[in-house]
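The next block holds one structure in the form of structure tokens; read it before the comments.
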Amino acid sequence: MDQQAISRKPAPSALSSQGKLLMLGYLCDGSSQSAKLWINPEHGGKAVGVIDVNITINDVLAAEQRLARFAPLLEKLFPELEKSNGIVESPVVTLPADVVAKGAGSYGHFWVKADHQLAVAGSVKARGGFHEVLEFAEGVALKHGLLKDGDGYEVLASSMARDCFARYEVAVGSTGNLGMSIGIMSAALGFKACVHMSAEAKEWKKRLLRSHGVMVHEYPGDYGQAVAIGRAKASGNMFAHFVDDEKSISLFCGYAVAALRLQRQLVDLNVRVDEEHPLFVYIPCGVGGAPGGVCYGLKHVFGEHVHCFFVEPEDSSCFLVRLQHPDEEGISIYDAGQHNKTIADGLAVPQASELVYPLMRTRLAGMVVAADESMLVDLWQLKSIAGLKVEPSAAAAVSGPRALLSTEAGQQYLQANGLEPFMSTANHIVWTTGGALMPIDEFERLFAQGQQLASKSLAVGPNAA
Ligand SMILES: *Cc1c(COP(=O)(O)O)cnc(C)c1O
């Protein structure tokens with residue numbers, strides 16, 4: 001990777017006369033809170049050779065309508081969805097700015113989009129994963145005449161429908177969360193469900209899936225390998241549907257629905273998005289499907305007034321590597337000297353999605369790279385300061401605003417885009433992508449590690465004296 005491209009320096013003097021950036025710069029460069037920012041040079045432009053793959057906003061609207069058609073069935077299958085009438089959605093809550101950095105409050109209001117609380121699947125994978133399983137179920141149901149004109153989709157909970165679904169298999173390759181989303185929904189509808197798991201997958205995720213009746217296959221290799229094996233196994237089987245995380249349009253459109261719903265949530269919160277109220281969104285990135293869908297939807301809704309940043313682990317930054325090598329389709333992190341070692345199991349992915357990459361080339365503002373230590377400290381902070389229980393992959397999002405506000409590259413971005421005068425009225429959304437289903441002992445272990453790292457870095461910080 002081109003290390004030069006990532007600014008590590010503290011911010012220039014433009015705003016430090018107010019004494020804020022010094023603090024931000026310090027925190028950012030502290031041993032446990034390092035975050036690096038890379039600004040996408042193609043953002044907002046017309047990249048040469050970019051094909052807008054065959055996705056339009058109408059596909060996203062269709063996905064939203066499909067999720068609505070299935071809501072009565074989901075309400076029936078999952079009692080926890082009764083209060084939301086079968087819609088799986090997360091709240092937007094205020095985030096104390098101190099979690100990002102001391103003084104960050106002067107750069108606008110901070111929010112959390114709390115996907116770590118998404119019902120049933122416990123992660124951002126709920127929207128995309130559920131949508132793809134439901135789209136497949138809808139196709140099977142129509143083919144077999146299970147849905148007659150005027151029928152509500154509740155009829156798909158009947159034993160006749162379930163017997164029909166039981167002849168089909170839904171399969172997926174996963175580091176964990178996608179498997180949980182696909183596996184739990186498929187099994188609940190009556191499909192055979194099969195999850196091919198890579199080496200990073202946590203034991204508790206496998207246990208939980210098996211308790212839902214999902215077949216779990218384990219492989220010693222990385223995510224790319226688990227996907228390849230799953231894809232090959234399903235390809236010979238007429239009754240199998242393989243959810244292809246690297247290529248699926250259905251998954252992508254399901255993820256993008258989040259943007260349409262967020263637009264309404266922001267209206268309800270009286271949050272404006274316009275020239276004087278820029279919106280910054282920071283989302284953890286694996287193959288790019290979930291954050292890509294959200295960014296695609298948000299750019300449709302808010303255009304140039306929304307600035308999307310993806311956050312990746314230092315040793316698994318596949319989307320950054322791809323963006324920095326526009327001519328090298330299929331380039332992996334290994335080609336760039338990385339090893340895929342990170343505590344962020346949901347982000348431990350060696351290769352960016354080639355479906356999503358072209359869609360992001362001119363839409364994405366930039367990439368942030370976060371160290372494992374930062375994720376642990378932020379996991380601890382999010383719990384102890386904001387009361388949010390998230391997994392390391394989700395805690396990575398906090399590095400997003402920290403990097404934008406405290407690096408030279410970030411300050412240059414704000415300046416170049418004429419954003420500086422409007423930062424005090426800006427809104428920042430930190431997308432916490434997973435965590436609800438994490439067993440409490442697993443969470444407490446990570447929490448303790450984060451706390452320890454934080455106290456160590458404070459001991460060498462300005463408060464030590
Ligand atoms: C999967 C996942 C992501 C990223 O999604 P991709 O589609 O792989 O980019 C982020 N956070 C969590 C918790 C995830 O499980």
Side-chain angles (χ1 to χ4, degrees), residues 90 112-118 121-129 131-132 172-184 195 197-198 200-202 205 222-224 226-227 243-256 258 281-296 308-313 316-320 322-323 333 340 342-357 359-360 364 367-368 370 375 378-379 382 388-400 430-438 443 446:
S90 69
V112 162
K113 175 64 175 157
D115 273 7
H116 65 282
Q117 297 173 13
L118 277 177
S123 83
V124 67
K125 301 296 192 307
R127 288 188 208 84
H131 176 255
E132 176 147 357
V172 66
S174 177
T175 64
N177 285 342
L178 185 62
M180 299 230 282
S181 160
I182 300 289
I184 291 172
V195 177
M197 288 227 162
S198 58
E200 301 77 30
K202 296 277 177 275
K205 293 187 180 174
D222 69 16
Y223 179 66
V227 170
V243 176
D244 202 319
D245 195 19
E246 293 170 346
K247 297 178 178 155
S248 168
I249 291 176
S250 180
L251 207 54
F252 185 87
C253 292
Y255 288 135
V281 181
Y282 313 92
I283 321 175
C285 175
V287 296
V294 172
C295 173
Y296 179 88
C308 298
F309 294 86
F310 292 175
V311 187
E312 293 189 313
S316 297
S317 55
C318 65
F319 218 86
L320 174 63
R322 185 67 179 96
L323 283 162
I333 57 165
N340 212 27
T342 171
I343 51 161
D345 52 315
L347 313 179
V349 168
Q351 238 176 336
S353 161
E354 291 293 340
L355 170 79
V356 179
Y357 161 69
L359 291 165
M360 291 301 107
L364 190 66
M367 296 290 312
V368 173
M375 299 178 204
D378 287 329
L379 178 147
L382 283 168
L388 307 172
K389 177 188 163 229
V390 308
E391 60 187 84
S393 298
V398 182
S399 289
V430 171
W431 211 286
T432 51
T433 43
L437 300 187
M438 196 189 303
F443 178 76
L446 296 164

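Residue indices begin at 1 and follow the sequence shown. Just so you know, ligand 1 is whichever comes first in the structure, and atom 1 is the first atom listed for that ligand. The structure displayed is predicted, hence computed values, not measured ones.
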* Asked: Testing Asp244, Val243, Leu251, Asp245 for side-chain contact (heavy atoms from CB on, under 4.5 Å) with Lys247, which one passes?
  -> Asp244
* Test item: Lys389 side-chain N/O and Met438 main-chain N/O as donor-acceptor pair under 3.5 Å -> yes
* Structure fact -> In this structure, atom 3 (C) of ligand 1 is nearest to the protein heavy atom Lys125 NZ, 3.4 Å
* For Glu391, counting its heavy atoms only, list the atoms of ligand 1 lying under 4.0 Å from any of them. => 13 (C)
* Asked: Counting heavy atoms only, which part of Val287 comes closer than 4.0 Å to ligand 1: side chain, backbone, both or neither?
  -> both
* For the pair Asn340 and Ser316, evaluate side-chain hydrogen bond (donor to acceptor under 3.5 Å, both in side chains) and give the outcome as yes or no after the intermediate values. => CA-CA 5 Å; Asn340 212 27; Ser316 297; 2.7 Å; yes
* Quick one: does Ser123's side chain get under 4.5 Å of Met180's, heavy atoms only? -> no
* Which atoms of ligand 1 are found less than 4.0 Å from any heavy atom of Ser393? -> 13 (C)
* Would you indicate which of Val356, Asp115, Asn177 comes nearest to atom 15 (O) of ligand 1 when only heavy atoms are counted? => Asn177
* Asked: What protein heavy atom sits nearest atom 11 (N) of ligand 1, and how far off is it?
  -> Thr433 OG1, 2.6 Å
* To do: Kindly indicate whether the side chain of Phe443, heavy atoms from C-beta on, has any atom under 4.5 Å from the side chain of Val390.
  => no
* Hey, is Ile283 touching ligand 1 through its side chain, its backbone, both or neither, going by heavy atoms under 4.0 Å? -> neither
* Based purely on interatomic distance, does Val124 place a nitrogen or oxygen under 3.5 Å from a nitrogen or oxygen of ligand 1? -> no
* **Nearest-0.5 Å distance, CD of residue Gln117 to OG of residue Ser90** => 7.5 Å
* **Enumerated ligand 1 atoms positioned under 4.0 Å from heavy atoms of Gly289** => 6 (P), 7 (O), 9 (O)
* Asked: Are any of the side-chain heavy atoms of Cys308 and Ile283 separated by less than 4.5 Å?
  -> no
* **Atom indices of ligand 1 within 4.0 angstrom of Gly346 heavy atoms, with elements** => 1 (C), 2 (C)
* Nearest protein heavy-atom contact for atom 5 (O) of ligand 1: which residue, which atom, what distance? -> Ala290 CB, 3.4 Å
* To do: Could you establish whether Cys285 and ligand 1 come within less than 4.0 Å of each other, counting only heavy atoms on the residue side?
  => yes
* Please could you name the atoms of ligand 1 that Pro291 approaches to less than 4.0 Å, counting only its heavy atoms? => 5 (O), 6 (P), 7 (O), 9 (O)
* Considering only non-hydrogen protein atoms, determine which one is nearest to atom 4 (C) of ligand 1 and report residue, atom name and distance to 0.1 Å. => Gly286 N, 3.4 Å
* Structure fact -> Rounded to the nearest 0.5 Å, the CZ atom of Arg322 sits from the OG atom of Ser353 at a distance of 10.0 Å
* **Non-hydrogen side-chain atoms of Phe319 and Pro291 separated by less than 4.5 Å** => no
* To do: May I ask which of Asp245, Asp345, Leu347 has a heavy atom nearer to atom 10 (C) of ligand 1 than the others do?
  => Leu347
* Which atoms of ligand 1 sit under 4.0 Å from any heavy atom of Pro284? -> 4 (C), 10 (C)
* **Note, Asn177 side chain near Glu391 side chain (heavy atom, < 4.5 Å)** => yes
